[in-house]
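See below for the structure under consideration.
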Amino acid sequence: MSLAFCGNENNSAAYNVEKGVLNNGCFVDALNVVPHVFLLFITFPILFIGWGSQSSKVHIHHSTWLHFPGHNLRWILTFILLFVLVCEIAEGIVSDGVSESRHLHLYMPAGMAFLAAITSVVYYHNIETSNFPKLLIALLFYWTLAFITKTIKFVKFCDNGVGFSQLRFCLTGLLVILYGMLLAVEINVIRVRRYVFFKTPKEVKPPEDLQDLGVRFLQPFVNLLSKGTYWWMNTFIKTAHKKPIDLKAIGKLPIAMRALTNYLRLNEAFEAQKNKRSPYPQGSKSIWCALCWAFGRPLVLSSTFRILADLLGFAGPLCISGIVHHVGKGNNTIRPQIKILGVFFISSQEFLANAYVLAVLLFFALLLQRTILQASYYVAIETGINLRGAIQTKIYNKIMQLSTSNMSMGEMTAGQICNLVAIDTNQLMWFFFLCPNLWAMPVQIIVGVLLLYYLLGISALIGAVVIIVLAPVQYFVATKLSQAQRSTLEYSNERLKKTNEMLRGIKLLKLYAWEHIFHSSVEETRQKEMTSLKAFALYTSISIVNRKRPAREDWNNYSSHMRRPVNITEGDDFCVKITNGFFTWTPEGSATLSNIDIRIPQGQLTMIVGQVGCGKSSLLLATLGEMQKTSGNVFWNSSIPDSETGEDVRYGGNSCFSRKRGSVAYASQKPWLLNATVEENIIFESSFNKQRYKAVIDACSLQPDIDILPHGDQTQIGERGINLSGGQRQRISVARALYQQTNVVFLDDPFSALDIHLSDHLMQEGILKMLREDKRTIILVTHKLQYLPHADWIITMKDGTIQREGTLKDIQKSESELFEHWKTLMNRQDQELEKETIIERKPVLERKNLRRTRYSREALLKDDEEDEEEITESDDDDNLSSVLHQRAKMPWRACGKYLSSAGILLLPLLVLSQLLKHTVMVAIDYWLAKWTSDVISAKSDVEQKNCSACQEFNHSRYSRVFSILCCLGIILCLVTSIAVEWTGLKVAKKLHYCLLNKIILAPMRFFETTPLGSILNRFSADCNTIDQHIPATLECLSRSTLLCVSALAVISYVTPMFLIALLPLAIICYFIQKYFRVASRDLQQLDDSTQLPLLCHFSETVEGLTTIRAFRYESRFRQKLLEYTDSNNIASLFLTAANRWLEVRMEYIGACVVLIAAVTSITKSLYNQLSSGLVGLGLTYALMVSNYLNWMVRNLADMEIQLGAVKRINGLLKTEAENYEGLLSPSQIPQNWPARGEIQIQNLSVRYDSNLKPVLKHVSAHISPGQKIGICGRTGSGKSSFSLAFFRMVDTFEGRIIIDGIDIAKLPLQTLRSRLSIILQDPILFSGTIRFNLDPEKKCTDSMLWEALEIAQLKHVVKALPGGLDAIVTEGGENFSQGQRQLFCLARAFVRKTSIFIMDEATASIDMATENILQKVVMTAFADRTVVTIAHRVHTILNADLVIVMKRGVILEYDKPEVLLEQEDSVFASFVQADK
């Protein structure tokens, strides 16, 4: 067939110019080529020659600068223009298909216009990014010329009688409108930017975000094409493959997305709601309204996108239906009848009757539908992330205003708050993501049913009725699912609480041989959790539904009052004054403190003393405004009492109270540490002063502790760091208070966990030298009465009231009895304390803490997310490349471990059921296609033969086979789902059981070298992943992979030619998934790792609320929260963008698959008589390929991340357990051993680990039955190691201990530990009842428990509680004071009634009076038992039968106390002298 621009048929009207040149159709088309050629000639030199040199100078760091006016409209119009031009090309080709020669003028101008449109948008983009608008003049001329030429063509069509029935007329009209609109956009740019025709062009700066080099999230700033295809992510994802992504790589959030901006927006909405609905300002309805008001607009946009995408989704089935229909008729295009201007014109109906046209339309519809759908998802998730940041900030501000009683009374726990932040805010975020489904789904269903009715008639309505009938069933299943999930969550929380308590008290559990009790308790809860999970799995299996800058200033204004310095009037001689004060913890509760009238002098040392539980700590907190004040006044160095303001002290904390009280350096009784380094804990947000820092470290004797930490003072401590001893934690907490430059310092019992030497040093160097000499006001709560002579003012408390206040001399005069009582307790005759301190200055190498904190570097650096193979510290290229190689690999070993845990029977069942299910699914579709083809061929036969007597087609055989296959498919779906869930549950149960077993039996050394947070993460996050996420991901991955394989197999079977095109697509697909998986994993880990500091910040704020408010550091902590929230949100946003990046590309590949499959199957059908049923089958499968590809890659990436949980748990399962087996059988051990309590220690040497130095060296001693032994020595001398050796908690590598004739090394550990008793220095209580805390084994009667409580001086306290022995103990015993907790621990040991009783510094937090009573009781109640006392206060062991003085792991002195006291040079005598 010949080829010519105007065609070369004889007598062609195309060359006829009799009526004028403009009435010649071919000439008009040639004229239309001119603007496009002009644009190509003008722009190509600028694009390819001038740009290289210029762009490098003008570009800023991003590939975007700023958007000219009408930016988005220009892009949308250009896309529409390109689509219309493609239609024009196709219309030209189709209408010219019936001519004898080719008329190039029908489609060549449109082709040139297509090229010019693409060039125009590329040219515009480059001008925009370079901010050089003068070059836009070329586009102005182009749009003008294009508009004029296209208008001429349209006018000539009208003149020649071409109307709306001809498609070319409609397309030309559309092009006139589009070119006109683009011209208008161009003129608008001139009007706004004034770059031409105006004297002064308008200078425009880029957005503030883009001037900040730290902003790398460009989605809001790039052009529309890059927004829709996430093109800007390409560089980021390629870089991720070369080096791991970290917080620096993802940069900062754009201002509009920052937590502060969104918080202020939400707050504004809340305030608006409050003003509107004054009667119900706190209701959930008003919260919803505020959320919708603040974040509703983007949600409407997302929903609009979603509905558009869903409507476009119907184009696929309609096009396939048309293709099948036309292929069945042989694709015979209706021959056009109308010939005007020498060429044929066709109508839109004739145009759409071409199968190839439908294939191309289907391709474009898919591209557009997938792009809009991903845009909908992105907008919804971005809105959800912004909302989450705002809500988290709102919750944090609420926490900052919570009263202390909310926390201590158990109304609100740290766990609940963490759940609010970690789970509930995420649920809200996902609700906003799924919100568009609420109105998109009904639209989909209605349109779907209407379409089916149009195609199938009444049958479609039957299907709709079935859906409606099944809706209640689905609702029932969904309700059951949510109930099962809720109960699973409750049991999971309970299990985690028990596990947390178990791990925190693991030392006590091991010493008391209670591992089995707590193990069975956790396992019992786990069983309940598994039952819930089984119910969840069952309902999931039968479920029908697939589960599948001004802002900155506002913030400063908001928090500026926190930072205002408090001017203290110098004329006043007091710092704090309380008159007639009554304070309570709960508004309805009785007063904890009554008749409080105190005056704390300015710039002096005030001491508060009194018995355990008399309200000393409460008085400090009341002064700080942490208690509810029922009456009275609190004056803070001001003449205005807080009551005059009408504000409650606690709830008015942000207004009046905060303005009057300055920052107070506060060290609480229970030390509070940040999850940070030692240095950061001490400096506590202040500026670093090296000299002061060193002085504080020395005053608190922290240098030797710091020296043995793996990274010195840069070692991480707190929940996520390493475990410190109670004394170390307390000294760091005190060091923080000493370091601050505040005028007022509150110290709540800072000496409780310190021995006498450390206490003396802290008193002399820290409190007296650093604080009092600086004229700072110090309030010190203490039980160490020997320091009273240093006090300028003393407050004595009893039962929540002030017993007496004044100087020591005042009390000596007025309260001589009390003074004498104190003198007796202090065990001294003179009134002045020795001023010199006897602490040795030489470095103490072997401290008690050496064994606690000598962590191997590997243990600390072990990253939660990485396996041993992946750890590397070298920066060499080889190592880096090996790490990158590891990142690109799938963790097959962990996958193997997971599947092997399922057992030998389940695994084959899982694989077989999946394969069978998908085979049956393909068979169902194939049978339907065959049935359809046979019906069509039978109909055509009837039509050809034209016989009325022909036999009707028999459907029964087909329907029977179809029904059987469907039933089989349903059964296999159920079997597969149950197999997956069953496998998941079995693996989850097995791994948790093994993990719990390993951890609870691990040696104590393991817990001292592994951060508690790290172990807890295995039980919480990792177990949750294995319980709920891996089974679902595994099922989804196998399903999407097999569906993808079966779809490609079906298409290849229908059209083998497709395989040739499949190869390049498969290669592209492979590289996309390879790059995505690495970036996705890094971003997922970054998302998780940025969430951890956020949650820790919440929990540490809750725990340290009193300290933060005392220091007046609320604004600093809020600022830290904003930083953590933004870090988490930017990681989430990048992860979302990466997911969209993948999905868009996979969808486009899927669209290409559909196009290729359609073209090949149409061609094969026309030439090889392929049945129309099989064409439909192939195209239906092709349409779903993109979805399957997406899910396959996404699930592969998810699986890779989730298998990390299996890998980490597997790592812990390699922990070696303690050797619980003994050489002696139970029958060889006497039932009542040890009956006498005789202890022989022979040449004993112990160490904490085989690679550490010994802490006891060649120790020998003999303790007779019933003797009372006192052990004393400096910190690190080996006292505690001595007591732990009896329980085999340390490694005895030489010598032995014989108790009642049996070598303890031969005994089973359980037997040994259950027959001895010990009281530890740190009081540990478990949540539950008092009865459970005293006797978890349930072996004792009530009378025995009451007797133990009486011995421990607690009987009156417990009797006063509701429930008595069954009174509730909150988590960690928070509802009792520190001293009372220690007394409960004493009572617990008394209950056991063993013949050997060890007290390890057990009275540290108890006042001297109570301690004296206890000592007497111990001496009488345990007259027949062997008691070993390790003493802080040496005077407590003066009545012992024997005293052992230890130094650096050896026994220095070993004799009766009176003998040692007589020796002038004895170390024991010097200790007693120092303790006076």
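Every heavy atom of this structure was used, including side-chain atoms; hydrogens, water molecules and symmetry mates were not.
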TODO: Could you tell me the separation between the CG atom of L291 and the CG atom of L428, rounded to the nearest 0.5 Å?
DONE: 6.5 Å
TODO: Determine the interplanar angle of the F217 and W232 rings, folded into 0 to 90°, and report it as parallel if under 30°, tilted if 30 to 60°, perpendicular if over 60°.
DONE: perpendicular
Task: Student check: side-chain heavy atoms of L1135 and L1086 closer than 4.5 Å - done: no
Open item on the list: Between F236 and F1134, is the ring centroid distance below 6.0 Å?
Closed with: yes
TODO: Could you please spell out the steps behind the salt bridge (charged side-chain N to carboxylate O under 4.0 Å, His left out) verdict for R1112 and E1114?
DONE: CA-CA 6 Å; R1112 284 276 172 260; E1114 293 98 327; 3.5 Å; yes
- [ ] Could you tell me whether a side-chain N or O of H1097 sits under 3.5 Å from a main-chain N or O of F1117, the two making a donor and an acceptor?
- [x] yes
Task: Value rounded to 0.5 Å, distance of CD in Q1091 from OG in S1127 - done: 12.5 Å
Task: Reported CZ-to-CD distance for the pair F1076 and E1143, which is rounded to 0.5 angstrom - done: 8.0 Å
TODO: Please check if the side chain of D1087 supplies one atom and the backbone of A1131 the other of a donor-acceptor pair under 3.5 Å.
DONE: no
Open item on the list: side-chain hydrogen bond (donor to acceptor under 3.5 Å, both in side chains), that's the test. Do W231 and N223 meet it? Break it down for me.
Closed with: CA-CA 10 Å; W231 194 261; N223 63 53; over 6 Å; no
Open item on the list: side-chain contact (heavy atoms from CB on, under 4.5 Å), that's the test. Do D1126 and I1130 meet it? Break it down for me.
Closed with: CA-CA 6 Å; D1126 285 347; I1130 186 78; over 6 Å; no
- [ ] Any chance you could measure L1034, atom CG, to M1199, atom CE, to the nearest 0.5 Å?
- [x] 4.5 Å
Task: Cationic tip of R1145 above Y1148 ring, under 6.0 Å, 45° of axis - done: no
Open item on the list: Restricting to non-hydrogen atoms, name the atom on I372 and the atom on F305 that form the minimum distance, rounded to 0.1 Å.
Closed with: CG2-O, 3.1 Å
Task: S302 side chain to P298 backbone, donor-acceptor under 3.5 Å - done: no
Open item on the list: So that I can tick it off, tell me whether K1120 and E685 are bridged by a salt bridge, with the cut-off set at under 4.0 angstrom between side-chain N and carboxylate O.
Closed with: yes
Open item on the list: If we ignore hydrogens and angles and just use 3.5 Å, is the side chain of R495 paired with the main-chain N or O of F1019 as donor and acceptor?
Closed with: yes
TODO: Decide, yes or no, whether a salt bridge links K497 with E494 under the criterion of side-chain N to carboxylate O below 4.0 Å.
DONE: no
Task: S1080 (side chain) donor-acceptor with R1077 (main chain) under 3.5 angstrom - done: no
TODO: Identify the heavy atoms of V1144 and T229 that sit nearest to each other, and give their distance.
DONE: CG1-CA, 4.0 Å
Task: Side chain to side chain, F79 and L225, heavy atoms closer than 4.5 Å - done: yes
Open item on the list: Please report the interatomic distance OG1(T239) to CG(N234), rounded to the nearest 0.5 Å.
Closed with: 10.0 Å
Task: NZ or CZ of K238 within 45° of Y1075 ring axis and under 6.0 Å - done: no
Task: Result of checking I381, L387, V379, N386 against T383 for side chain to side chain contact (heavy atoms under 4.5 Å, CB included) - done: V379
- [ ] Could you walk me through whether W672 and E1100 pass the side-chain contact (heavy atoms from CB on, under 4.5 Å) test, one step at a time?
- [x] CA-CA 8 Å; W672 171 68; E1100 74 188 13; 4.1 Å; yes
- [ ] Fit a plane to each ring of F1098 and Y396, take the angle between them on a 0 to 90° scale, and name the class: parallel (under 30°), tilted (30 to 60°) or perpendicular (over 60°).
- [x] perpendicular
Task: Closest approach of I250 to R216 (non-hydrogen atoms, all atoms of both residues) - done: O-CB, 3.8 Å
Open item on the list: So L308 and L368, do their side chains get closer than 4.5 Å, heavy atoms only?
Closed with: no
- [ ] For V300 and S303, run side-chain contact (heavy atoms from CB on, under 4.5 Å): C-alpha distance rounded to whole Å, both residues' side-chain angles, the deciding distance at 0.1 Å, then the answer.
- [x] CA-CA 5 Å; V300 172; S303 303; 5.7 Å; no
Open item on the list: The test is side-chain hydrogen bond (donor to acceptor under 3.5 Å, both in side chains); show your working for T1136 and Y378 and say whether it passes.
Closed with: CA-CA 7 Å; T1136 301; Y378 171 78; over 6 Å; no
Task: Validation row: F1111, R1116 side chains within 4.5 angstrom (heavy atoms) - done: no
- [ ] Decide side-chain hydrogen bond (donor to acceptor under 3.5 Å, both in side chains) for Q1202 and T1033; before the verdict, give the C-alpha distance in whole Å, the side-chain angles of both, and the deciding distance to 0.1 Å.
- [x] CA-CA 9 Å; Q1202 288 163 13; T1033 309; 2.7 Å; yes
Open item on the list: Within the 4.5 Å heavy-atom criterion, are S492 and N1024 side-chain neighbours or not?
Closed with: no
- [ ] Take D1027 and E529 through the test side-chain contact (heavy atoms from CB on, under 4.5 Å) and record every step on the way to the result.
- [x] CA-CA 10 Å; D1027 288 354; E529 189 184 357; 3.6 Å; yes
- [ ] Could you grab the distance from atom OG1 of T1101 to atom CG of L674, nearest 0.5 Å is fine?
- [x] 8.5 Å
- [ ] Identify the heavy atoms of L266 and A294 that sit nearest to each other, and give their distance.
- [x] CA-CB, 4.1 Å
Task: Member of R258, R388, Q392, E382 meeting the side chain to side chain donor-acceptor pair (under 3.5 Å) criterion with N1129 - done: R388
Task: Any Q1084 side-chain heavy atom under 4.5 Å of D1088 side chain - done: yes
Task: Least distance between heavy atoms, M257 atom then P220 atom - done: CE-CG, 3.6 Å
Task: Minimal non-hydrogen separation, G389 against T1125, with atom names - done: CA-CG2, 3.6 Å
- [ ] With the side chain counted from C-beta on, respond yes when I445 and P442 share a heavy-atom pair under 4.5 Å apart, and no when they do not.
- [x] no
